[in-house]
Amino acid sequence: MAKKIPFNVVFASDEDVNFPASELNNHGPTVHGWRSAPNGSLTSHDIILRFQQPAKIYRIQLLAHQYLIPEKVELWLHYSPKSLPSTPSSQYFDFLGFVALADNANTNYKSRELQSVTVCPRRGTHLKLRLIGVQGNDYNDTGQISLLAVNVLGEDLDVGPNNGNGEEHLSNEAPPLDTATGELALASICDDLLFSMYVEESIVQTIRELEQRKILAVNSERFEYARKLKLCMTALRTAGERLGRYALAKRQAVQQEDFTTARLRKEQIEMYRAAVLRQLQVHQLLEPQGVTLSSNDQSCEIYAGGKPSLPSAPSLQDVAQALAEATFSPKSMTSLSLEDKSSTDGSQPGNDNTVTTPAPAPAPTPAPTSLQATPTPTLGGWRKSHDELPQSPRLPSRHSSPMSSRQGSLRRRNKSVPRNSYEDYEERAIPTLRQECQGNALLEADPNRGRSRLNDRERRQAALPILVFGNELVEQFYSRQFQDREDGLMRLRNFLKEHDLLEPSSNEHAASPNKVARSAALLLHRAVRDAVYSVFSQATETVRMLFLEYVPGRVSPNEVARCVDRLLPELLAKSGDPSARLHTLAQHTILSIAACPEVAEQHLVAPALSRSVGSGTHQRLAMSRLQMLEQLVHTQGISTDKHSGLTCRALSECGCSGIHHPAEPVRKVAERILLLVYKVNPRLVRKQLPPDDDITRRNLLYRQLFTEFDKLDLDRKQELLEASKYGGGHSSGDAATPPADKASTSSDASRLMNSRSGHSLGPMASSSNGYASCNGKQQYNEQLKRSMLSVSNSRKGSASNSESTEDNTPKIRCPFCDWSCAGSDATQLDRHYWKACPFLTKCPQCSQVLEVAALNYHLTTECDAKESYVVCVRCTESVHKQLYELHQMEDYCRELKTGAARCPLCHDDVHLPQDGGWKLHLLSAGGCPGNIRKRNLKKSN
């Protein structure tokens, strides 16, 4: 299995005196790396590494600088057996290839690029790196290039007499691969450069020992012990990364000559390391002196639930407090110094100054004693938050340049690098210098939670909120801890409630409501952009409370408009978030703002929502805007004020732009808005759309929309007919019919609707509840049919009266087709209905005789086979379900014109004038060609 090949740098073409090439010999969080000489004249730089013994090379890893980046790095390998002398002049290097590096501009020069190159197995004793070119950027004004770390993975080469010369390729061999991942198999996770560069050295040595114990445990089939060791190593990696950041902060403090902070960092590292080793029971798991402990083979509480929990990290305040207590107590000071010495000798492989050569782990016997003797108040006050004190005034700004922050994340350029839990954890920028403090400022800080203080730029931005709410509340809004931001929002709500209850005369020095609203809007503008959902939820609740409880009757209209202009764009952006809970909460907040009386009077929200929706607008954002606009139309109605944003013209333009959006949900909401406007001003809506003709209706979008418009037109006409009928505008026939005639007409109609088979035709004529399930066109057809029937009956009654005066011979007359015969036998009229009347037809399913105009309605609502029929959405005919697809392919299946009905016999449109369109269609000479009874009637005549 591949392991780290130790090497020494033997040659460098040039170097910076502060960043020598010897830095590449070691790996760790505090390593500077090599850097070329400033303002040098060399275009290429050579660095030669000599392996401590001949090795077989499998992989080479390079870690580049954040902004001092070369264009490419060439790799050269040389092999010379120990029996042959090797001098720089006699060395011959084989070219392996080159690695191209990115300019790192997309990360703002805050990330480090890791390049991992897998090579064919090659023998080698020397590795030459040739760095060519320089990537120019604003931070690299001296033309330097840098290399932070180099790692060589391979196996030791056994030198023998039959190994051959150094030029021999190991083409028949393959590097060892992990069967699970297919990547290069490593002897230890500590050999990976991703691990060794960011984990503290003492923890690395401890993990190596635990890995050896795990191998022995697996061979001895002590699987519970091996599981504990694996979990312990995972937890130690996390703790080692934290200790690495502490060590880097200590080195930064030493460079700045802030020795107070450096001392506190040193004590912090010692205390946290001792607490971690004690809680994870590392001393017990290592089994010192080879003694097998039975407790390691048994389950324990800390390793029972999977990954063990780490102790809380001591903050600098805790360390300063412990040092202060030790200063006032001579006994405790002496005991603490002895314990620190024993802990350093027992738990740490070397001193803090010696980070390059890890010593063998001594027997950690006195470690438990020192940990138990540590004062309880010191460890009891530790908290999870660390490095949270204000920055030292002697330190430069952490954001002045990438070098000052040294924040970097390893970007995975080569996918062949083996993934591990460390990389999963370290996918973000690694902070190398947290907020610092010095001296007495540690004890003056908040003992409950450290909070970053505002810098000059933030103080200028929040000058008014600091004056109104105080510095402490504003610092919570600018804190990096989301708990602080939540507490700040809760305190702001309480402030607004208390300010609401206080009278203006009770406090002369209190800020005016306008200043309070403006300050709250400044802070909420920052809070609504927060990425943490809990903070955003608290922010939206505060926004609703501000506009619904505090603003009404207190804040001036100009200030209300200023607050809305500041908050509304951010909430609109959040309403387009893909997360359902985020955009729903943002929509609810915007509608709550729109419900504020001061906001509604000035029309501040609706104009922003009624802007045209472009085809490039994101689906979620467009749909949220249209949904909120639709809700405003329902709650506030359509306005005539041209500045309201809810006029018919503004809504129709917004809806017309929305129906052309590529997303179907957006088009549906836009159609609903157009329908709401069409009920108020149909002429304006149709003017915004293409003309309603056959070519336009070929488009499915316009066809559906115009169909809905036709339904609204039919409903409007039906309302007008009912109003004219029951409001004084009755027809002449109905007005002239006395109550007795109406009773006789209804009795005649009930008698007429009886057939030989005993089926009744009455439900079609007498039932009124059945029309609720029909569409508008069918309702209109049925209404005209009933009116025509009443008119025909009245005509029939008047005609019979006139004939009776002329001739006393009785006659029977059909009220539909004016057929008549002499005599008084009612069976002749029934026979006429059953076989000959062209106005009637027989149901093809149940053989019930009914009017032709009512056949479509009968088949879908009254017939025994109504479950087998559906209404065609295009032509409104009743079609059998099995024949529906074939029916839509027919030529006669077309859109129904406005104010017309569809004949089920010939499939032609029947216009419905008030004098009876069905009568003209069924009885005229050139009428319905599909009416068989009309042809039979002609033959009989």
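Treat the numbers as computed from the prediction; the structure is a model and nothing was measured. Sequential numbering from 1 along the given sequence is applied to the chain's residues.
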Does any non-hydrogen side-chain atom of R459 lie less than 4.5 Å from one of N471? yes
Verify, without hydrogens or angle tests, whether N137 (side chain) and N140 (backbone) share a donor-acceptor contact under 3.5 angstrom. yes
Could you pull out the closest heavy-atom pair between V528 and K574, with the gap in Å? O-CE, 3.1 Å
Quick check: closest heavy atoms across A64 and R112, and the distance to 0.1 Å? O-CB, 3.5 Å
Do any N or O atoms from the side chain of S519 and from the backbone of V516 form a donor-acceptor pair under 3.5 angstrom? no
Begin from the C-alpha positions of R485 and Q538 and carry the test side-chain hydrogen bond (donor to acceptor under 3.5 Å, both in side chains) through to its verdict. CA-CA 9 Å; R485 301 195 292 271; Q538 294 282 351; over 6 Å; no
Only one of K266, R265, E270 passes side-chain hydrogen bond (donor to acceptor under 3.5 Å, both in side chains) with Q268, and that residue is R265
For F477, does the six-membered ring have the charged nitrogen or CZ of R526 within the cation-pi criterion, i.e. under 6.0 angstrom from the centroid and within 45° of the normal? no
Distance in Å, L473 CG paired with R491 CZ, rounded so as to fall on 0.5 Å steps: 4.5 Å
Hits for salt bridge (Lys or Arg N to Asp or Glu O under 4.0 Å) against D577, two or more places apart or cross-chain, chain-then-number order -> none
Show the numbers, then the answer: is there a side-chain hydrogen bond (donor to acceptor under 3.5 Å, both in side chains) between S315 and Q317? CA-CA 5 Å; S315 63; Q317 298 96 315; 3.0 Å; yes
Measure the shortest side-chain to side-chain distance between P513 and Y550 over non-hydrogen atoms and say whether it is less than 4.5 angstrom. yes
Could you check if a side-chain atom of T589 sits within less than 4.5 angstrom of a side-chain atom of L567, using non-hydrogen atoms only? no
Do the side chain of T540 and the main chain of S537 share a donor and acceptor less than 3.5 angstrom apart? yes
Could you check S575, S624, S592 and say which one makes a side-chain hydrogen bond (donor to acceptor under 3.5 Å, both in side chains) with Q587? S624
For I593 and V543: C-alpha separation, side-chain torsions, deciding distance, then whether side chain to side chain contact (heavy atoms under 4.5 Å, CB included) applies. CA-CA 8 Å; I593 294 176; V543 171; 3.7 Å; yes
Which residues share a ring-ring contact (aromatic ring centres under 6.0 Å, His included) with Y303, sequence neighbours left out: none
If we ignore hydrogens and angles and just use 3.5 Å, is the side chain of E113 paired with the main-chain N or O of A102 as donor and acceptor? yes
Any side-chain heavy atom of E201 sitting closer than 4.5 Å to one from T30? yes
Side chain of R562, backbone of A521: donor and acceptor closer than 3.5 Å? no
Shortest non-hydrogen contact from Q636 toward A600: NE2-CB, 4.4 Å
Looking at L310 and Q279, what are the two nearest heavy atoms and their distance? C-NE2, 3.9 Å
Would you check if S610 and L646 make a side-chain contact, meaning some heavy-atom pair closer than 4.5 Å? no
Working to the nearest 0.5 Å, report the span between CD of E598 and SG of C563. 11.5 Å
So, do T261 and Q256 sit near enough that their side-chain heavy atoms are less than 4.5 Å apart? no
Exactly one candidate in L548, V560, L568, V551 meets side-chain contact (heavy atoms from CB on, under 4.5 Å) with V599; the answer is V560
Step-by-step side chain to side chain contact (heavy atoms under 4.5 Å, CB included) determination, V555 to F547: CA-CA 10 Å; V555 183; F547 283 94; over 6 Å; no
Apply side chain to side chain contact (heavy atoms under 4.5 Å, CB included) to Y67 and N104, showing your working. CA-CA 7 Å; Y67 56 90; N104 208 18; over 6 Å; no
May I ask you to decide if A247's main-chain N or O and E200's side chain share a donor-acceptor pair within less than 3.5 Å? no
Side-chain donor/acceptor of N494 to backbone N/O of M490, under 3.5 Å: yes
Taking R544 first and then E541, would you say they form a salt bridge - that is, a charged N and a carboxylate O separated by under 4.0 Å? no
Check V319 against L264 and note the closest heavy-atom contact, atom names and distance. CG1-O, 3.7 Å
CG of L523 to CZ of F469: how many Å apart, nearest 0.5 Å? 6.0 Å
Criterion side chain to side chain contact (heavy atoms under 4.5 Å, CB included) on I207 and R237, from CA distance to verdict: CA-CA 8 Å; I207 291 177; R237 276 199 292 270; 3.8 Å; yes
Spacing of K515 atom NZ and L464 atom CG [to the nearest 0.5 Å]: 7.0 Å
Any side-chain heavy-atom pair of F482 and D530 under 4.5 Å: no
Could you pull out the closest heavy-atom pair between A517 and L546, with the gap in Å? CA-CD1, 4.5 Å
Could you tell me if the side chain of V276 sits less than 4.5 Å from the side chain of V282, heavy atoms only? no
To the closest 0.5 Å, what do you measure between CG (L609) and CD (Q627)? 11.5 Å
Spatial distance of atom CD (E267) from atom CD1 (I269) [nearest 0.5 Å]: 10.0 Å
Check the surroundings of atom CG in D138: do more than 12 heavy atoms from other residues, nucleotides or ligands lie under 6.0 Å from it? no
